[in-house]
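A short worksheet on the structure shown next.
Ligands are counted one by one from 1 in listed order, and the atoms in each one are counted from 1 as well.
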Amino acid sequence: MKRRLVAAALLLCMTAPLLKADEGMWLPALISQRIEDMQAKGFKLSAEDIYSVNQASLKDAVVLFGSGCTGELVSDQGLLFTNHHCGYSYIQKHSSVEHDYLKDGFWALSQADELPNPGLTVRFLERMEDVTAIILKGYKSKMTEDQRQALVKKNADKLKAQVEKEGNGIKASVEALYYGNQYFLFVFREYRDVRLVGAPPSSIGKFGGETDNWMWPRHTGDFSIFRIYAGPDNLPADYSADNVPYQPKRFMKISTAGVKEGDFTFVYGCPGSTQEYVHSEAVRYIQDVSDPEKIALRTTRLGIMKKYMDQSQAVRIQYSSKYASVANAWKKWQGEEKGLRKNRVVPVKQDYEARFEEWARGTRYAWLTEMLSNLYAQRNPIYRAYEYYNETVRAVEKIQKGMGRYVNPKDYYQPIDEEIFVAMMEAFDKALDDQYKPAYFLEKREEYNGDMVAWKNAVFANDDEAKALAVALDKHYAQEIVPKVKELSQAITLRYRDYMQGQMEFEPGKAFYPDANLTLRVAYGHVEGYSPADAIYYRPVSTLKGIIDKDNPDIFDYNIPQVLRDIYARGGFESQPVCFLATNHTTGGNSGSPVLNADGNLIGINFDRVWEGTMSDLVFDPEICRNISLDVRYLLFIIKEVGHAGYLFDEMEFAD
Ligand code: ARG
Ligand code: GLU
């Protein structure tokens with residue numbers, strides 16, 4: 001018995017680092033460094049299958065969709081899957097009272113019926129390479145950070161211009177990795193004729209709405225379908241009726257074999273932003289100040305919106321999209337704050353910093369963590385003011401208008417804005433020291449005797465008064481707040497550049513991945529449920545039965561289309577899979593990313609994370625961090641049974 005225990009403990013020690021390794025967003029061009037680990041965990045392909053510049057590889061079937069989502073090619077005729085919430089604004093633009101595609105869904109019956117979307121682009125990665133030497137050419141160690149940045153910009157612009165000379169939709173970007181210890185060139189080909197092919201009704205594509213957002217169990221059919229068009233030469237072209245479906249170098253085969261707990265999965269996409277290597281003070285600020293304060297402000301704002309939305313169907317439609325975007329981060333921050341506390345991230349980092357300093361004594365890395373701590377002490381008050389401006393002043397549409405920004409009158413309901421004005425300006429005034437406010441604000445506050453309602457009445461009755469306030473606030477923000485934030489952030493980045501190098505030398509056995517920056521990455525893991533709280537275990541696969549269980553015509557978020565009820569009543573669909581959980585390390589921007597199996601075939605589309613695990617943007621806990629994917633079999637089911645668009649299957653390729 002005892003021997004078995006010892007053996008089990010040893011085995012745990014040996015496998016623990018392997019399990020941990022589900023953390024990471026790896027650069028495809030360097031995936032050979034991870035391929036052995038991937039293969040040990042079940043992956044059956046090679047590094048060249050993931051990324052190659054000499055032959056077609058999976059990277060040729062992944063795109064940056066629009067400015068912040070991912071999409072994947074699924075046919076040799078440019079057919080593309082992404083999320084419903086990534087296609088949402090385009091679906092909305094094509095919708096009218098007569099053709100409400102948001103409500104009813106949309107299915108093009110032929111290519112001629114596919115709908116163009118001016119302004120929408122997709123970017124294929126042609127290649128990525130380390131260009132650190134080129135970008136830092138001319139750098140001298142006594143340069144200031146400003147001088148260094150100017151040099152980096154100059155060298156990067158030159159390189160980009162050289163690459164983009166080719167034309168034909170070629171776009172280049174140079175991105176800093178590890179706080180500028182390394183620079184990579186990314187060369188894309190950008191296509192600009194992308195048409196809408198299909199979308200489920202929102203009651204499927206957005207099923208669960210805000211109620212289920214960031215949550216498990218989840219039942220959202222979060223997909224939409226587009227097609228990329230090209231000129232006759234298969235190169236990017238402006239929209240033209242003469243354009244033809246783009247023929248990709250590679251597209252993904254679809255696997256209908258299904259997923260089960262333990263299966264290897266990987267996600268190929270464009271994660272937006274993470275901060276995995278920051279100082280404990282950065283985490284403490286987020287956990288104790290930023291998240292709680294922003295959550296409280298948004299709770300107030302959402303409460304005001306909801307009150308009016310509940311009273312009127314028209315207002316609900318006007319504000320549903322705004323509400324969704326305010327609520328999205330609001331809910332994410334709640335999970336993040338909880339997760340950071342629960343994982344004791346601040347003390348764990350403090351302990352790490354103490355060990356780092358001990359190791360760094362006498363080296364060029366000595367005192368870095370101390371310097372960072374001091375810099376955060378300087379930065380935090382001004383950064384807090386900066387965040388308050390964003391969450392209060394900039395949340396008032398009347399002030400936005402006063403600053404000259406466009407606010408769509410179609411989606412504007414003044415009573416909501418008036419109430420938000422009073423609540424947000426009161427919060428702004430109360431939370432911030434007067435030094436962070438423009439003189440005009442202080443004068444007016446005096447004039448109205450601090451009565452925010454009276455001031456609100458004046459602002460909404462008189463456009464000049466609104467404009468004067470908006471301009472004063474905007475000017476103060478742009479001239480006093482932002483430059484100071486920038487200056488301190490630069491000083492912090494400079495220290496992080498060394499601290500990052502120091503961390504790598506301190507832990508030579510650890511594999512470091514660069515923080516996410518919307519460049520293409522690979523994350524790998526496996527299908528797995530999780531335990532959100534004591535005595536609860538969430539299984540990793542949800543089914544159509546769960547949708548029927550949630551179905552309720554009286555609850556907007558859970559009111560499914562009648563057709564889905566009818567299909568279910570026919571029988572045989574109880575165990576139709578809908579969504580699944582896995583341990584892939586993802587973040588915002590990974591929406592729409594392909595989720596692939598060990599053979600590199602498409603099994604799902606990533607669209608969310610569980611909120612208990614959203615602290616993975618700062619620290620990844622393999623126990624609780626899960627990405628949520630749509631099971632590709634639910635997508636196929638909806639296309640066939642709800643959209644009656646099974647003809648789309650003809651151009652797809654099925655692996656099994
Ligand atoms: N939470 C997901 C993401 O971060 C989905 C957001 C869209 N859906 C919503 N109900 N607001 O983008
Ligand atoms: N829904 C997010 C997106 O739009 C993905 C969720 C997340 O991992 O943050 O990219």
Side-chain angles (χ1 to χ4, degrees), residues 22-23 25 62-72 81-92 102 199-200 202-216 218-224 265 267-276 298 302 305-306 309 316 319-336 339 515-521 523 525 555-558 579 581-595 604-618 620-621 624-630:
D22 282 354
E23 171 178 357
M25 304 169 166
V62 185
V63 293
L64 177 68
F65 181 88
S67 55
C69 278
T70 307
E72 54 276 4
F81 292 162
T82 187
N83 287 148
H84 187 260
H85 78 261
C86 296
Y88 198 78
S89 64
Y90 307 101
I91 306 167
Q92 183 183 33
L102 273 184
S202 292
S203 51
I204 290 172
K206 215 186 161 197
F207 178 79
E210 297 316 310
T211 317
D212 284 6
N213 192 23
W214 299 108
M215 305 281 262
W216 187 260
R218 190 65 159 277
H219 299 91
T220 312
D222 200 343
F223 75 92
S224 58
T265 59
V267 174
Y268 208 154
C270 311
S273 167
T274 58
Q275 315 175 59
E276 308 287 348
R298 289 196 176 199
L302 289 166
M305 286 195 237
K306 184 163 189 312
M309 288 164 80
R316 198 189 54 70
Y319 276 74
S320 65
S321 171
K322 285 179 217 176
Y323 189 92
S325 76
V326 176
N328 194 39
W330 168 78
K331 201 159 179 181
K332 183 197 146 171
W333 291 328
Q334 294 177 45
E336 183 173 80
D515 272 322
N517 56 359
L518 211 60
T519 59
L520 199 58
R521 304 294 176 93
I555 300 175
F556 180 80
D557 285 346
Y558 291 146
C579 296
L581 292 175
T583 60
N584 304 290
H585 191 180
T586 55
T587 189
N590 270 124
S591 274
S593 298
V595 186
I605 304 175
N606 183 76
F607 70 95
D608 213 354
R609 275 176 291 166
V610 301
W611 76 289
E612 297 93 340
T614 50
M615 82 286 189
S616 65
D617 290 349
L618 291 148
F620 185 89
D621 175 3
I624 211 156
C625 292
R626 299 289 178 271
N627 64 312
I628 307 180
S629 305
L630 169 72

- prompt: Do any nitrogen or oxygen atoms of Ser591 lie less than 3.5 angstrom from nitrogen or oxygen atoms of ligand 2?
  reply: yes
task: Could you tell me which atoms of ligand 1, counted from 1 in the order shown, lie closer than 4.0 angstrom to a heavy atom of Gly209?
output: 10 (N)
Atoms of ligand 1, numbered as shown, that sit under 4.0 Å from any heavy atom of Asp608: 1 (N), 2 (C)
message: Can you confirm whether the side chains of His85 and Asp222 place a donor and an acceptor under 3.5 Å from each other?
response: yes
task: Would you please determine whether Lys332 falls within less than 4.0 Å of ligand 2 on a heavy-atom basis?
output: no
- prompt: Going by atom types only, do Asn517 and Thr519 share a side-chain donor-acceptor pair under 3.5 Å?
  reply: yes
Distance from atom 8 (O) of ligand 2 to nearest protein heavy atom, with residue and atom: Arg609 NE, 2.7 Å
- request: Could you tell me whether a side-chain N or O of Lys331 sits under 3.5 Å from a main-chain N or O of Asn213, the two making a donor and an acceptor?
  value: yes
- prompt: With a cut-off of 4.0 Å, which atoms of ligand 2 are near a heavy atom of Gly589?
  reply: 3 (C), 10 (O)
N or O pair under 3.5 Å between Phe607 and ligand 2: yes
- prompt: Under 4.0 Å from ligand 1, counting heavy atoms only, is it the side chain of Phe607, its backbone, both or neither?
  reply: backbone
query: When you measure from atom 3 (C) of ligand 1 to every protein heavy atom, which one gives the shortest distance, and what is it?
result: Asn328 ND2, 3.6 Å
field: Any N or O of His85 closer than 3.5 Å to N or O of ligand 2
entry: yes
- prompt: So which heavy atom in the protein is nearest atom 12 (O) of ligand 1, and how far is it from that ligand atom?
  reply: His85 NE2, 3.4 Å
message: Less than 4.0 Å is my threshold; does some heavy atom of Gly588 fall inside it relative to ligand 1?
response: no
message: Can you tell me if the gamma sulfurs of Cys86 and Cys69 sit closer than 2.5 Å?
response: yes
message: So for atom OH, which belongs to Tyr323, do other residues, nucleotides or ligands contribute more than 12 heavy atoms lying within a distance under 6.0 Å?
response: yes
- request: Could you list the atoms of ligand 1 found under 4.0 angstrom from a heavy atom of Glu210?
  value: 9 (C), 10 (N), 11 (N)
Distance filter under 4.0 Å to Trp214 heavy atoms, resulting ligand 1 atoms: 1 (N), 4 (O)
message: With a 6.0 Å cut-off (strictly less than), is the heavy-atom count around NZ of Lys322, excluding the residue itself, greater than 12?
response: yes
- prompt: Is the closest N or O pair between Asn213 and ligand 1 shorter than 3.5 Å?
  reply: yes
- prompt: Do any N or O atoms from the side chain of Ser224 and from the backbone of Ala199 form a donor-acceptor pair under 3.5 angstrom?
  reply: no
- request: For Asn590, take its heavy atoms, then give the atoms of ligand 2 lying under 4.0 Å from any of them.
  value: 10 (O)
query: Can you tell which of Arg521, Glu276, Glu23 makes a side-chain hydrogen bond (donor to acceptor under 3.5 Å, both in side chains) with His585?
result: Glu276
message: Applying a heavy-atom cut-off of 4.0 Å, say which part of Trp214 lies close to ligand 2: side chain, backbone, both or neither.
response: side chain
Ligand 2 to Cys69 polar contact by distance, N or O atoms, under 3.5 Å: no
- prompt: Asn606 and Asn627: side-chain donor and acceptor closer than 3.5 Å?
  reply: yes
- line: Partner of Lys332 under side-chain hydrogen bond (donor to acceptor under 3.5 Å, both in side chains), picked from Thr614, Asp617, Asp608, is Asp617
query: Angle class for the Tyr558/Phe207 ring planes (parallel below 30°, perpendicular above 60°, tilted otherwise)?
result: tilted
